[in-house]
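From a predicted model like this one, the values you see are computed outputs, not experimental measurements. Atoms within each ligand, like the ligands themselves, are counted from 1 in listed order.
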Amino acid sequence: MINKICCIGAGYVGGPTMAVIAQKCPEIQVTVVDINETRIARWNDEDVNNIPIYEPGLVDVVRETRGRNLFFSTEVDKAIEEAEMIFISVNTPTKTYGVGKGMAADLKYIELCARQIARVAKTDKIVVEKSTLPVRTARAIKDILDNTGNGVKYQILSNPEFLAEGTAVEDLHAPDRVLIGGDTQTEEGRNAMQALVDVYAHWVPKGQILTTNVWSSELSKLTANAFLAQRVSSINSLSELCEVTEADVDEVAKAIGMDSRIGPKFLKSSVGFGGSCFQKDILNLVYIAKSYGLDEVADYWEQVIIMNDHQKARFASKLISTLYNTVSGKKIAFLGWAFKKDTNDTRESAAIYVADILLSEQAKLSVYDPKVQEHQIYFDLDYLATRSEEENKNGVTVTNDPYESCKDAHAIAVLTEWDEFKDLDWQRIYDNMLKPAFVFDGRRLLDGDQLKNIGFSYHTIGK
Ligand SMILES: NC(=O)C1=CN([C@@H]2O[C@H](COP(=O)(O)OP(=O)(O)OC[C@H]3O[C@@H](n4cnc5c(N)ncnc54)[C@H](O)[C@@H]3O)[C@@H](O)[C@H]2O)C=CC1
Ligand SMILES: O=C(O)[C@H]1O[C@H](OP(=O)(O)OP(=O)(O)OC[C@H]2O[C@@H](n3ccc(=O)[nH]c3=O)[C@H](O)[C@@H]2O)[C@H](O)[C@@H](O)[C@@H]1O
């Protein structure tokens, strides 16, 4: 029986996941710790609406559990010491230096956690990999714990998270499956797995809790993301073919999706997938395959990224060529900056890359996103280091009013599929734009016929 859980990392995964565990297991005390003091302060903000992550339904779960059996703290050592089960949910970004730069996962934060656990723990612990990790990372974690620890016993489990942002709470409440990998060969290993099964069994039907060996579990997470991203790149590759053949990519997607072997989900053509994980995890898979000398496997999966980069670039190129081959000095309105709707997360958002190309062509951008804050938009552009911070400031304005954003614009680019964009007063927008008024719908979100009737020159993906 687990009484106390600690989770290291209070981010998009650690926060919501632990909030739901606390909600469903009221007898377990759950403490989420992070070194980022600002983030923890926001999780503890008196006004629950100020928690650092926007996810539909999350505020309600936090309101119910915070202070009851869910706690947020910067006291990492204390939480580690007290807990019987420790989740590691820290970031595992793509390496930006040294061997594997631009491809391999940077495991320095994971290693720091392992070393901290080893230093602090005085009683046996179950350590759960919640972060997405390269296959065989559990071996490294175990080595560190066993060789630098205080002689206490550790069991390492892999329990990858499959939630998607924007639907995190829904996904956590009713997951398709929960995957738990562990040492199936020993009794201690099986007991540890059972302890985690018992946590999830509070609300997840037993048949949906899958136990495997630890390597299968680690690899399944990378594989799931690779398969999902591959579907998006596959349909996006065909969107380009649709544009030159008068086929309609949504009609093609519907036609193939009705085949039960293919299925209808994840076939929405777009300006390209974003998010913190698809690209990072595929690059990681490619790197792992290469490191085992499996070049054909690596090349196969790398193509998913190549196609995604192409989709973002060609969206920008089409906008430029349609605007008579120049956007220099022209105001372009961006509707949306987040990588998908219902999240304030902008990591790897297609909007950033499209903006970067247009700024290099001297466009003047005016961005509106209902949940993304101004400083984040400048941060994302500055992070690319294509131009100076001052140049980004000069090239981009951020507004909190979509009508203001579109006023006097030559063109509008829809980069995120926020529902509210469908309900804007498009006649009013049209009246206040320069003519011809162009709309480039990177999400196939808007009613193209309605916009054309108003007078817009409407362009979308895959049609
Ligand atoms: N964002 C998502 O939707 C999903 C992410 N994942 C995986 O989950 C992991 C975490 O992702 P996110 O939550 O998005 O990252 P995040 O960047 O939002 O959160 C990670 C947190 O860990 C903290 N941290 C780093 N090192 C620490 C240390 N030594 N001690 C205490 N805190 C530390 C950071 O300050 C940060 O707040 C990644 O491996 C990611 O691939 C998996 C499924 C979904
Ligand atoms: O490991 C992770 O981080 C998570 O990555 C994705 O979740 P997420 O990135 O939050 O969001 P998705 O809904 O998968 O969307 C990813 C990107 O693909 C795009 N997308 C998705 C589906 C589609 O049909 N078309 C499309 O362009 C979205 O707009 C978005 O930019 C997976 O769906 C989760 O299962 C996984 O846990």
Side-chain angles (χ1 to χ4, degrees), residues 6-18 32-40 42-43 52-53 55 72-77 79-80 87-94 105-117 129-134 137 159-168 171-172 175-176 221-222 224-229 231-236 239 250 253 257 264-282 284 308 311-312 336 338-343 345-351 415-417 442-445 461:
C6 155
C7 174
I8 309 178
Y12 283 87
V13 169
T17 311
M18 292 303 128
V32 191
V33 291
D34 205 297
I35 40 175
N36 183 334
E37 290 176 9
T38 321
R39 212 168 204 182
I40 290 296
R42 286 190 61 189
W43 279 113
I53 285 161
E55 275 294 338
F72 294 93
S73 164
T74 50
E75 290 183 90
V76 185
D77 283 1
I80 290 174
F87 287 78
I88 302 180
S89 189
V90 299
N91 35 330
T92 50
T94 304
D106 190 344
L107 298 180
K108 70 177 169 205
Y109 306 107
I110 296 287
E111 177 161 346
L112 280 172
C113 289
R115 289 188 182 275
Q116 189 162 7
I117 295 169
E129 300 173 343
K130 185 50 107 178
S131 298
T132 301
L133 296 170
T137 306
N159 172 221
E161 184 50 59
F162 296 101
L163 69 80
E165 289 179 28
T167 52
D171 295 342
L172 288 163
D176 285 344
K221 173 63 197 178
L222 293 182
N225 274 357
F227 267 62
L228 290 168
R231 279 175 73 97
V232 179
S233 275
S234 294
I235 201 70
N236 280 345
S239 72
D250 275 356
K265 295 184 181 165
F266 258 75
L267 289 178
K268 185 75 185 164
S269 188
S270 67
V271 56
F273 60 75
S276 63
C277 293
F278 278 179
Q279 172 162 310
K280 142 177 108 63
D281 292 349
I282 294 175
N284 189 208
N308 196 48
Q311 189 75 350
K312 292 181 272 190
F339 82 96
K340 61 186 279 198
K341 72 172 179 178
D342 291 342
T343 177
D345 195 349
T346 64
R347 290 177 289 181
E348 295 298 333
S349 178
L415 275 312
T416 312
E417 72 283 21
R443 294 294 184 163
R444 291 198 60 135
L445 178 75
I461 307 252

- Item | V271, T132, L163, V13: member with heavy atom nearest to atom 4 (C) of ligand 2 | L163
- Within reach of ligand 2, part of N225 (heavy-atom separation under 4.0 Å): side chain
- Atoms of ligand 2 less than 4.0 Å from S270 heavy atoms? 26 (C), 27 (O)
- Item | Of the listed options K268, Q279, K340, closest to atom 13 (O) of ligand 2 (non-hydrogen atoms) | K340
- Query: Short N/O distance, under 3.5 Å, between R347 and ligand 1?
  - Reply: yes
- Counting heavy atoms only, which of G166, G11, A114 is nearest atom 19 (O) of ligand 1? G11
- Query: Mind checking whether D345 has an N or O less than 3.5 Å away from an N or O of ligand 1?
  - Reply: no
- Item | Ionic contact status for K312 with E348, cut-off 4.0 Å | no
- At under 4.0 Å between heavy atoms, which part of L228 makes contact with ligand 2: side chain, backbone, both or neither? side chain
- Task: Take every heavy atom of G274, measure it against each atom of ligand 2, and state whether any distance is under 4.0 Å.
- Result: yes
- Contact with ligand 2 for K221, non-hydrogen, under 4.0 angstrom: yes
- What do we get for I8 next to ligand 1 when only non-hydrogen atoms under 4.0 Å count, side chain, backbone, both or neither? side chain
- Pull out every atom of ligand 1 sitting under 4.0 Å from any heavy atom of E165, numbered as shown with elements. 1 (N), 2 (C), 3 (O)
- Item | Aromatic ring pairing F273/F278, orientation class (parallel under 30°, perpendicular over 60°, tilted between) | perpendicular
- Message: Salt bridge or not between D250 and K268? Use side-chain N to carboxylate O under 4.0 Å.
- Response: yes
- Task: Just go through I40, V13, T92, I110 and tell me whose heavy atom is the nearest to atom 13 (O) of ligand 1.
- Result: V13
- Counting heavy atoms only, name the option from F273, Y12, F278 that's nearest to atom 32 (C) of ligand 2. F278
- Backbone, side chain, both or neither: what part of R443 comes under 4.0 angstrom of ligand 2, heavy atoms only? side chain
- Item | T132, N91, T343: member with heavy atom nearest to atom 7 (C) of ligand 1 | T132
- Protein heavy-atom partner closest to atom 28 (C) of ligand 1 - residue, atom, separation in Å: I35 CD1, 3.9 Å
- Message: Salt bridge check, K130 against E161: does any charged N sit closer than 4.0 Å to a carboxylate O?
- Response: yes
- Message: So is V232 touching ligand 2 or not, going by heavy atoms under 4.0 Å?
- Response: yes
- Message: Residue-level breakdown please: for S131 versus ligand 1, do any non-hydrogen atoms fall below 4.0 Å on the side chain, on the backbone, on both, or on neither?
- Response: both
